[in-house]
Number of protein chains: 2
Amino acid sequence: MKQKKITIKEVAQIANVSKGTVSRVLNNEAGVGDANRERIQKIMKDLNFEPNEIARGLASRRTGNIGFIIPHEAGYYLSNNYWPILLSAITKQAAQKEYHVLLSTPQVEGKIDDAYKRILKGKRVDGLIIGSELLSLKQLDFLHHQAVPFVLVGKHSHVQNNFVDIDNRGAMISLTEHVISMGAKKILFIAGPRDYPSVQERIQGFEDCVEKYQLPHTQICHSYYDVPIVDNLIHDYIITKGKPDAIISGAGDFVIQIIEACKKQKLRIPQDLHFASFDFFKYFSMMSPAITSIAQPLEEVGITAFSMLINLIKKSSQSPQPPQILPCRLIKGESCGENSSEPFNKP
Amino acid sequence: MKQKKITIKEVAQIANVSKGTVSRVLNNEAGVGDANRERIQKIMKDLNFEPNEIARGLASRRTGNIGFIIPHEAGYYLSNNYWPILLSAITKQAAQKEYHVLLSTPQVEGKIDDAYKRILKGKRVDGLIIGSELLSLKQLDFLHHQAVPFVLVGKHSHVQNNFVDIDNRGAMISLTEHVISMGAKKILFIAGPRDYPSVQERIQGFEDCVEKYQLPHTQICHSYYDVPIVDNLIHDYIITKGKPDAIISGAGDFVIQIIEACKKQKLRIPQDLHFASFDFFKYFSMMSPAITSIAQPLEEVGITAFSMLINLIKKSSQSPQPPQILPCRLIKGESCGENSSEPFNKP
DNA sequence: TTGAAAGCGCTACCAT
DNA sequence: ATGGTAGCGCTTTCAA
């Protein structure tokens with residue numbers, strides 16, 4: 001039953017060559033006669049030889065693994081689609097290049113240190129892809145000190161190169177302009193937590209529009225991602241400024257709650273209120289009205305991050321890779337009255 | 001900047017002992033004097049010594065990695081919460097026991113073979129946790145042939161031991177009984193694809209209730225998970241049997257579509273129709289009405305699967321672990337009219 | 001083009 | 001309780 005594992009040594013004996021020669025064939029290196037090469041390849045195939053990656057790793061100091069650090073505790077990062085999709089994109093990409101992915105996340109929200117230490121311990125990975133959120137200077141220092149190649153997903157104030165991000169500002173502009181083009185003026189923008197660079201950029205995009213189109217009764221407010229407080233925010237707006245004629249959600253996480261809150265406030269979407277959201281979840285298109293939203297190119301983000309990392313790993317030069325900012329896509333639904341013939345009925 | 005990596009050899013030299021002794025300290029093995037042990041521990045700490053896991057792996061033929069095989073292509077397995085939550089539970093558990101998790105999924109739905117081969121290639125993992133769905137006999141054979149310890153999540157017709165599952169049948173009974181207790185009689189049960197054991201079990205649970213409570217106008221139908229065809233199913237029921245007074249969804253994946261379909265059919269939940277679903281998604285509780293549903297103990301499934309696997313890995317005896325069937329929890333919402341004072345208004 | 005041998009950093013066994 | 005040494009399975013010089 002238990003098949004005896006065959007090693008490079010056996011292959012060498014059978015082929016009547018040295019281990020070194022077999023190794024060269026295995027790694028497609030020059031320095032082996034064509035006849036020998038083919039003969040050895042055949043023998044390897046016949047024997048069903050699979051090189052021991054651990055041993056290869058020890059000898060060549062590469063592991064064939066990359067690490068992916070999601071800077072949030074599991075219960076949190078699973079509440080939306082962002083991280084899982086990114087993970088799958090990276091895993092997919094890695095598999096194609098014969099890499100494996102080691103996932104590392106903090107056990108407790110906020111304690112990212114474990115995640116770094118755990119995965120870096122013992123040289124298990126050749127490089128790292130890291131979600132830039134919450135990355136502290138201390139951790140950044142630690143990474144440099146460990147001399148491990150890494151790529152960030154998302155901007156970071158102290159990192160100029162080797163990162164991928166989406167065009168938050170541009171996407172927010174196109175979303176807001178769309179909402180405005182549908183007739184809305186009193187827009188409530190519910191953004192994520194202040195300290196995220198992505199949130200700042202989305203706010204900038206929103207403010208660009210407010211200024212350009214001269215909208216006086218807009219408002220920006222903040223909610224946590226994990227524990228949305230949407231109800232109060234909408235209520236507050238109504239108290240101070242009356243009913244809004246549009247709400248833009250700064251993240252997909254808020255959508256369900258916003259819709260529920262609107263029901264409570266007797267605000268019908270899209271008749272009384274336009275609604276649009278950053279992020280695109282699969283079910284947005286299945287709802288009625290379908291939610292107008294911004295789809296992030298997460299697949300591309302994963303692909304780009306991975307190939308950047310491979311470049312860093314390959315070139316021992318470690319020449320910094322220029323940042324990549326990827327565009328998002330506006331997905332028009334019906335939640336801003338896109339398919340209603342009647343003009344927007346202002347309150 | 002680049003810190004020179006400390007090895008066991010340096011530690012040994014500084015401590016004036018042999019590598020073997022240091023190794024014993026490192027692995028908490030007996031055979032070292034207390035004084036020496038403490039002294040060596042201190043030196044290791046001072047030097048910030050981190051053993052090279054690859055080398056350890058090569059010498060001891062263990063890797064400290066376990067593999068998790070999700071038998072679906074990424075776009076699919078991310079469409080619900082099940083796999084991501086399971087993944088996170090396993091990762092969490094693994095981290096606590098100083099293990100890392102290698103994720104492997106098929107690139108193309110259905111082609112699970114890659115996933116197995118890729119992760120088993122080159123002895124990268126000490127054991128495997130595998131989603132039992134779609135696991136073929138050929139693959140099962142391959143696994144045995146590779147002599148790698150593995151644990152299944154979910155039942156499999158040819159596996160008697162070393163698996164964890166939830167009590168699908170029992171959970172379905174409690175869900176159905178709840179729906180019935182709220183007054184429903186004409187129940188449409190929308191189940192997943194026929195060939196899943198879990199679907200079969202849920203159907204059994206449903207049928208148990210149909211028999212016990214003598215309900216004539218029930219119906220069981222099937223939808224794919226990835227491409228739900230809910231609309232037609234509901235339409236068909238109405239054509240043949242008139243409007244149902246309850247719909248039970250066999251999986252969380254169908255919920256949004258069912259709700260939308262009901263809107264179209266002018267069936268108000270819960271006034272005209274009771275609704276309940278297997279699976280619990282976070283947003284079920286945020287909707288109005290809140291969806292009555294069955295929460296799977298995914299965290300416990302992950303914990304159990306992992307500890308089973310560790311047992312298999314540790315005991316070279318490979319003594320089979322008895323299967324574990326975990327109970328689910330009924331979460332009462334409002335979608336079956338739980339909080340309405342008026343009696344159920346039958347059409 | 002090829003072989004021989006010296007590691008990679010650790011574990012494991014056999015002496016002492 | 002300790003040291004010495006032979007691997008683990010491969011890569012990587014350096015000679016030939």
Side-chain angles (χ1 to χ4, degrees), chain A residues 3-41 43-44 47-65 98 120-126 314 316, chain B residues 3-41 43-44 47-65 98 120-126 314 316:
Chain A
Q3 101 178 331
K4 214 216 147 212
K5 262 300 170 193
I6 86 157
T7 72
I8 206 178
K9 192 171 146 198
E10 271 100 45
V11 177
Q13 283 172 349
I14 294 174
N16 238 318
V17 295
S18 73
K19 290 192 302 176
T21 304
V22 177
S23 174
R24 269 163 228 145
V25 173
L26 191 58
N27 295 293
N28 281 317
E29 278 169 19
V32 182
D34 285 352
N36 251 344
R37 186 181 296 270
E38 279 180 37
R39 199 167 53 84
I40 293 171
Q41 276 168 343
I43 292 176
M44 295 197 302
L47 262 51
N48 217 332
F49 165 68
E50 298 268 313
N52 181 320
E53 295 295 333
I54 304 293
R56 287 180 106 170
L58 181 57
S60 64
R61 47 217 63 227
R62 71 177 288 283
T63 65
N65 295 149
E98 307 264 85
L120 252 20
K121 198 173 149 190
K123 291 230 165 300
R124 286 173 182 286
V125 294
D126 298 334
K314 289 249 169 88
S316 50
Chain B
Q3 96 180 336
K4 215 216 148 214
K5 264 300 171 193
I6 306 279
T7 73
I8 207 177
K9 192 172 146 197
E10 271 100 44
V11 177
Q13 285 172 346
I14 293 175
N16 238 319
V17 293
S18 73
K19 289 193 303 175
T21 303
V22 177
S23 174
R24 267 163 232 146
V25 173
L26 191 58
N27 295 292
N28 281 315
E29 278 170 19
V32 183
D34 286 352
N36 251 345
R37 186 180 296 270
E38 280 181 35
R39 200 167 53 84
I40 293 171
Q41 277 168 343
I43 292 176
M44 294 197 304
L47 261 51
N48 217 333
F49 164 69
E50 299 268 313
N52 180 320
E53 295 295 332
I54 303 294
R56 288 179 105 171
L58 181 57
S60 64
R61 49 217 59 227
R62 70 177 289 281
T63 65
N65 295 149
E98 309 263 85
L120 251 22
K121 197 172 149 191
K123 290 226 165 301
R124 287 173 181 284
V125 295
D126 298 334
K314 288 248 169 91
S316 50

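As the structure is a prediction and not an experimental result, all values here were calculated from the model. Numbered from 1 within each chain, the chains take letters A, B, ... in sequence-line order. All values below come from the heavy atoms of this structure, side chains included, with hydrogens, waters and symmetry mates left out.
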Heavy-atom distance under 4.5 Å between the side chains of [X] and [Y], does that happen here?
| X | Y | result |
| --- | --- | --- |
| N48(A) | I6(A) | no |
| K5(A) | E50(A) | yes |
| K19(A) | T7(A) | no |

For residues 29-37 of chain A, tabulate all N or O donor-acceptor pairs below 3.5 Å that involve a side-chain atom, not counting sequence neighbours.
unit_1: N36(A); atom_1: OD1; unit_2: R39(A); atom_2: NH2; d: 2.7
unit_1: R37(A); atom_1: NH1; unit_2: E29(A); atom_2: O; d: 3.4
unit_1: R37(A); atom_1: NH2; unit_2: E29(A); atom_2: O; d: 2.6

Exercise. How is G33(A) classified with respect to the nucleic acid when contacts are heavy atoms under 4.0 Å: base, sugar-phosphate, or nothing?
Worked result: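 Sugar-phosphate, no base atom in range.
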
Exercise. For D34(B), which contact category applies under a 4.0 Å heavy-atom criterion: base, sugar-phosphate, or nothing?
Worked result: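 Touches nothing.
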
Exercise. From the 5' end of DNA chain C to its 3' end, which nucleotides mark the outer limits of contact with chain A, defined by a 4.0 Å heavy-atom distance cut-off (strictly under)?
Worked result: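 Range of nucleotides touched by chain A: dT1(C) to dG9(C).
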
Exercise. What residues form a side-chain hydrogen bond (donor to acceptor under 3.5 Å, both in side chains) with D126(A), not counting sequence neighbours?
Worked result: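 Partners of D126(A) under the side-chain hydrogen bond (donor to acceptor under 3.5 Å, both in side chains) test: T63(A).
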
Problem set entry | N36(B) side chain near dT2(D) phosphate (N/O to OP1/OP2, under 4.0 Å) |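 Checking dT2(D) against N36(B), a side-chain N or O does come within under 4.0 Å of OP1 or OP2.
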
Where [X] and [Y] come nearest, the two heavy atoms and their spacing:
| X | Y | answer |
| --- | --- | --- |
| L58(A) | A55(B) | CD1-CB, 3.7 Å |
| F49(A) | I8(A) | CE1-N, 3.6 Å |
| G64(B) | R124(A) | CA-NH2, 4.1 Å |

Exercise. Quick one: bend of the helix from dT1(C)-dA16(D) to dT16(C)-dA1(D) from 5 pairs per end, to 10°?
Worked result: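 Between the axes fitted at each end of the helix from dT1(C)-dA16(D) to dT16(C)-dA1(D) lies an angle of 40°.
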
Exercise. What residues, two or more places apart in sequence or in another chain, satisfy salt bridge (charged side-chain N to carboxylate O under 4.0 Å, His left out) together with K121(B)?
Worked result: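 Partners of K121(B) by the salt bridge (charged side-chain N to carboxylate O under 4.0 Å, His left out) criterion, ordered by chain and then number, come out as E98(A).
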
For this session: Pick out which of V17(A), I40(A), I43(A) makes a side-chain contact (heavy atoms from CB on, under 4.5 Å) with V25(A).
Result: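 The side-chain contact (heavy atoms from CB on, under 4.5 Å) with V25(A) is passed solely by I40(A) among V17(A), I40(A), I43(A).
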
Problem set entry | nucleotides 8-16 of chain D: protein proximity per nucleotide (B base, S sugar-phosphate only, - neither; heavy atom, under 4.0 Å) | BBBBBB---

